[in-house]
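Please read the structure below before turning to the comments.
What you are looking at is a predicted structure, and each value in this text was computed from that prediction instead of being measured. Values below: every heavy atom of this structure, side chains too, minus hydrogens, waters and symmetry copies.
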Amino acid sequence: MHTISKPPVLLEIPGRLGRKPGHGFRELAFRFLMTCLETLAVWQERAAARYRLAEMDDRLLNDIALSRADIEPEVRKPFWRA
């Protein structure tokens with residue numbers, strides 16, 4: 001008869017062995033991933049807003065008290081710059 005052994009624990013779950021929660025590899029990896037996803041979302045939102053601003057005609061810009069010259073520096077910025 002063959003018994004199935006329990007697989008080895010490759011990554012410790014935070015909080016085991018007297019460790020404080022939030023300091024394990026999984027927690028750090030999760031926080032890193034979430035930070036990357038949040039950054040990508042901000043970049044996408046910023047790029048879309050600049051695209052919409054660039055697509056506005058002069059009448060719409062006038063309605064919000066801006067001119068083409070006013071928005072040009074913002075529109076030319078790369079998405080990663082605030």
Side-chain angles (χ1 to χ4, degrees):
M1 176 183 247
H2 183 13
T3 61
I4 299 174
S5 62
K6 189 174 177 181
V9 176
L10 299 177
L11 300 174
E12 279 191 50
I13 297 171
R16 282 194 179 178
L17 302 174
R19 288 185 173 184
K20 293 181 182 178
H23 295 288
F25 174 77
R26 285 183 183 179
E27 178 68 22
L28 292 175
F30 177 76
R31 287 184 7 215
F32 175 76
L33 178 62
M34 292 307 296
T35 300
C36 290
L37 292 175
E38 289 169 1
T39 300
L40 290 174
V42 167
W43 286 353
Q44 181 185 21
E45 185 176 326
R46 194 178 290 157
R50 289 177 180 162
Y51 176 79
R52 287 190 304 271
L53 190 61
E55 292 296 309
M56 287 184 175
D57 61 14
D58 291 333
R59 182 186 57 82
L60 287 173
L61 290 173
N62 191 32
D63 284 349
I64 59 174
L66 293 174
S67 69
R68 185 76 42 204
D70 293 333
I71 67 164
E72 204 58 39
E74 185 66 26
V75 169
R76 290 180 182 257
K77 283 184 190 177
F79 63 87
W80 59 86
R81 284 209 185 137

Listed partners of E74 passing salt bridge (charged side-chain N to carboxylate O under 4.0 Å, His left out), at least two apart: R50, K77

message: Apply the hydrophobic cluster definition, ILVMFWY joined by side-chain contacts under 4.5 Å directly or through others, and give me every member besides F32.
response: none

field: Counterpart residues, side-chain contact (heavy atoms from CB on, under 4.5 Å), relative to P73 (two or more places apart)
entry: none

ILVMFWY clustering at 4.5 Å (side-chain atoms), partners of L61: L53, M56, L60, I64, L66, I71, V75

query: Would you say E72 has more than 12 foreign heavy atoms packed within less than 6.0 Å of its CD?
result: yes

Pairs touching residues 38-80 that satisfy ring-ring contact (aromatic ring centres under 6.0 Å, His included), sequence neighbours left out: W43-F79

- line: In this structure, CG of N62 is separated from CZ of R59 (nearest 0.5 Å) by 9.5 Å

- prompt: For D58, what residues pass the salt bridge (charged side-chain N to carboxylate O under 4.0 Å, His left out) criterion, not counting sequence neighbours?
  reply: R68

